[in-house]
Amino acid sequence: MASVTSLSDSVQQQLASALTATRPEAAGADPLLRRSDRADYQANGILALAKKAGANPRELAAEVVGRLTTGEVIERAEVSGPGFLNLTIADRAITANLAERYADGTGRLGVPNAARPGTTVIDYAQPNVAKEMHVGHLRSAVIGDSLVQLLEFTGESVVRRHHIGDWGTQFGMLIQYLDEHPGELDHSGAVSGEEAMSNLDRLYKAARRLFDSDEEFKTRARRRVVDLQAGDPATLAAWQKFVDESKIYFFSVFEKLDMEVRDPDIVGESGYNDMLAETCRLLEESGVAVRSEGALCVFFEDIKGPDGKPVPLIVQKSDGGYGYAATDLSAIRDRVFGLKADTLLYVVDSRQSLHFRMVFETARRAGWLGEGVTAHQLAFGTILGKDGKPFKTREGVSVKLEDLLDEAVQRATAVVRDKAGKVGLSETEIVENGRHVGIGAVKYADLSTSAVRDYKFDLDQMVSLNGDTSVYLQYAYARVQSILRKSGEARPVPRPELALAPAERALGLHLDQFGETVLEVAASYEPHKLAAYLYQLASLLTTFYDQCSVLKADTPEQTENRLFLVDLTARTLHRGMGLLGIRTPERL
């Protein structure tokens, strides 16, 4: 089905035509159309146009009103204040527009694709091999997954990349220990993610104890790093065991998060190892990087340290080793020239902002981020505890991500169980819905906050039925499903001929904004704006329930129309929550 033109776009087009007819020199001027409390829409652009033309704004506004076609879409247009236009939409137009969205059998609700979709590589969800995932890994995974859903929905070709930490000096220690204690990671059968992490944690701690206490082992471990970097087959085989064991664990955590992470999308630091020498050669030959005290560095005039001296990006250390910069620059080369991406999006916390600023600028100087290719770090803030400090356990260590998710599910299951008797949920439904509500609560708390801001992690608030929470939205969806199940012979049927109550109009006009909201959110990488839209939608639905009876409306036709309205609202909630990576249970 073709996309549906929103009411705001229709009004915008009519206003633009009327403006041009009134003042030909105004062709292309923005009418500055906005939703308004005083009318359905308000156009504020005439003030600027009148100033430019040296005209009286109220008189110019009156001329524009005279040129507007009213009746089919715009029911009424009035001049207000110094020259604003207040516009009221016809009830018939609201219902007819929503009926088109309702008829979209693709599930897109008439939402168009982005005007110029391209190819975006999203770098997100980056755990470290042989280490537990903690609360600090949550935001990259949740924000990144939502952006994948949003961009793919708007027609973008998305390449997922999980840049896991799977390379470095610590692997010499681990591989040497495993070599001297064979069988530590060999299993007779499949292991769970928890067991895999337990095995890795036990081995890591034992290797660290030996490394810290035995100088001879430390020497052997450091030699093993050289073997690893040189590609020694036996050393690589041992390294692969750690990667495979870690993936078992990673996949189990991402499954709890209700996220799809595919093995081919996991391209860690090791994936660019063969490119590092060439990356350095290209930078040095082009003069972008220079040798300084034996290290290969890129300098920036506007980036200085506390001593006032320029801070360099070190691409290769003086001992010949490579740092994160060489890997990240090689990844850019691969993503631009290999994957043909025109947008590189990094969902990485704000503490790495300076690093990425220098990496992107280096890539631009080298010509790897040329015209038509953009790189953007979506730098996110920190998760705080209720005390406003970085979220830690009482012992002062980072909270394990699995523990956090398990507790969220437990709390949510208790909330679902408390309400289960009213709707007759089975124990299986209680457990399943508890999982969806708990994980949804964690995701929504993250996504409803602007990514750049810190936010407080408060599970009591997250699983509350009141306020701006995913549970509130999930219950709104389930409530509609309950009404639809009770509707009997009545069926949702749009009735454009019916007059709409104020609560119906408000709900309908907000539903019409879903498409433009999704496109705006995808283009600006701001999922919190979609969360805000959905919360307002659920709030308008609650007001509608309070003011408009659905199953006991005045006429059968009114019942049909209201069933259509609430069904479309539920479909919009379902689609919108899905774009945030959150499930909407049918019964709660």
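Note that this is a predicted model, so its numbers are computed, not measured.
- Using a 4.5 Å cut-off on side-chain heavy atoms (C-beta onward), Thr235 and Phe171 make no contact.
- One finds no salt bridge joining Arg435 and Asp258 here, because no Lys/Arg side-chain nitrogen approaches an Asp/Glu carboxylate oxygen to under 4.0 Å.
- A donor-acceptor distance shorter than 3.5 angstrom exists from the side chain of Ser246 to the backbone of Phe242, with no hydrogens or angles considered.
- Within the 4.5 Å cutoff, the side chain of Gln12 has heavy atoms near those of the Asp30 side chain.
- With sequence neighbours left out, Arg34 forms a salt bridge (charged side-chain N to carboxylate O under 4.0 Å, His left out) with no residue at all.
- Residues satisfying the salt bridge (charged side-chain N to carboxylate O under 4.0 Å, His left out) criterion with Arg160, sequence neighbours excluded, are Glu152, Glu260.
- Ring geometry for Trp239 against Trp167 counts as perpendicular: the plane angle is over 60°, on a 0 to 90° scale with 30° as the lower cut.
- One N or O on the side chain of Lys443 and one on the backbone of Gly581 form a donor-acceptor pair closer than 3.5 Å.
- With hydrogens and angles ignored, the 3.5 Å screen pairs no side-chain donor or acceptor of Asp179 with any backbone N or O of Ile175.
- Between His355 and Tyr324, the ring planes lie perpendicular to each other; the angle is over 60°, past the 30° to 60° tilted range.
- Scored by the side-chain hydrogen bond (donor to acceptor under 3.5 Å, both in side chains) test, Asp403 finds no partners at all (sequence neighbours excluded).
- A search for salt bridge (charged side-chain N to carboxylate O under 4.0 Å, His left out) contacts involving Glu180 returns Arg220, not counting sequence neighbours.
- Under the 3.5 Å distance criterion, the side-chain polar atoms of Arg108 are matched with a main-chain donor or acceptor of Phe153.
- Checked against side-chain hydrogen bond (donor to acceptor under 3.5 Å, both in side chains), Arg411 has the following partners two or more places apart in sequence or in another chain: Glu407, Asp460.
- Annotation: side chain of Leu150 is not in contact with side chain of Tyr525 (no heavy-atom distance under 4.5 Å).
- How far OG of Ser448 is from CG of Asp446: 8.0 Å, rounded to the nearest 0.5 Å.
- Heavy atoms only, all atoms of each residue included: Leu151 and Thr120 are closest at CD1-CG2, 4.2 Å.
- A salt bridge is absent between Arg223 and Asp227: the closest approach of a Lys/Arg side-chain nitrogen to an acidic carboxylate oxygen does not fall below 4.0 angstrom.
- Checking side-chain atoms of Asp166 against main-chain N and O of Val129 turns up no donor-acceptor pair under 3.5 Å.
- Within the 3.5 Å criterion, the main-chain N or O of Ala125 finds a donor-acceptor partner in the side chain of Ser140.
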Leu344 and Ile332: CA distance, side-chain angles, deciding distance, side-chain contact (heavy atoms from CB on, under 4.5 Å) verdict: CA-CA 8 Å; Leu344 308 181; Ile332 286 175; 4.0 Å; yes

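- Side-chain atoms of Thr449 come within 3.5 Å of backbone atoms of Ala445 as a donor-acceptor pair (strictly under, hydrogens ignored).
- Looking only at side-chain heavy atoms (C-beta outward), Tyr322 and Cys280 come within less than 4.5 Å of each other.
- With hydrogens and angles ignored, the 3.5 Å screen pairs a side-chain donor or acceptor of Gln474 with a backbone N or O of Arg583.
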Candidate pair Glu245 and Val191, rule side-chain contact (heavy atoms from CB on, under 4.5 Å), full reasoning: CA-CA 9 Å; Glu245 193 84 0; Val191 296; 4.3 Å; yes

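- Using a 4.0 Å cut-off between charged side-chain N and carboxylate O, Lys247 and Asp263 make a salt bridge.
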Audit row: Glu361, Leu369, side-chain contact (heavy atoms from CB on, under 4.5 Å) steps and yes/no: CA-CA 9 Å; Glu361 177 58 26; Leu369 287 178; over 6 Å; no

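- The shortest side-chain heavy-atom distance between Ile164 and Glu269 does not fall under the 4.5 Å cut-off.
- Here the CD1 atom belonging to Ile122 is positioned 5.0 Å from the CG atom belonging to Leu345, to the nearest 0.5 angstrom.
- For Ser252 (side chain) and Tyr249 (main-chain N/O), a donor-acceptor pair under 3.5 Å exists by modelled atom type.
- Between Leu384 and Phe391 there is no side-chain heavy-atom pair separated by less than 4.5 Å.
- The salt bridge (charged side-chain N to carboxylate O under 4.0 Å, His left out) test applied to Asp214 returns no partner, not counting sequence neighbours.
- With Gln377 contributing its side chain and Val348 its backbone, the two residues share a donor-acceptor pair below 3.5 Å.
- Residues Tyr272 and His163 place their aromatic rings such that the two centres sit under 6.0 Å apart.
- Ring-plane geometry between Phe217 and Tyr177 is classed as perpendicular, the angle between the planes exceeding 60 degrees on a 0 to 90 degree scale with a lower cut at 30.
- Judged by distance alone, the side chains of Gln13 and Asp9 never bring a donor and an acceptor atom under 3.5 Å apart.
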Chi angles and distances behind the ring-ring contact (aromatic ring centres under 6.0 Å, His included) call for Tyr124, His162: CA-CA 6 Å; Tyr124 70 109; His162 307 293; 4.7 Å; yes

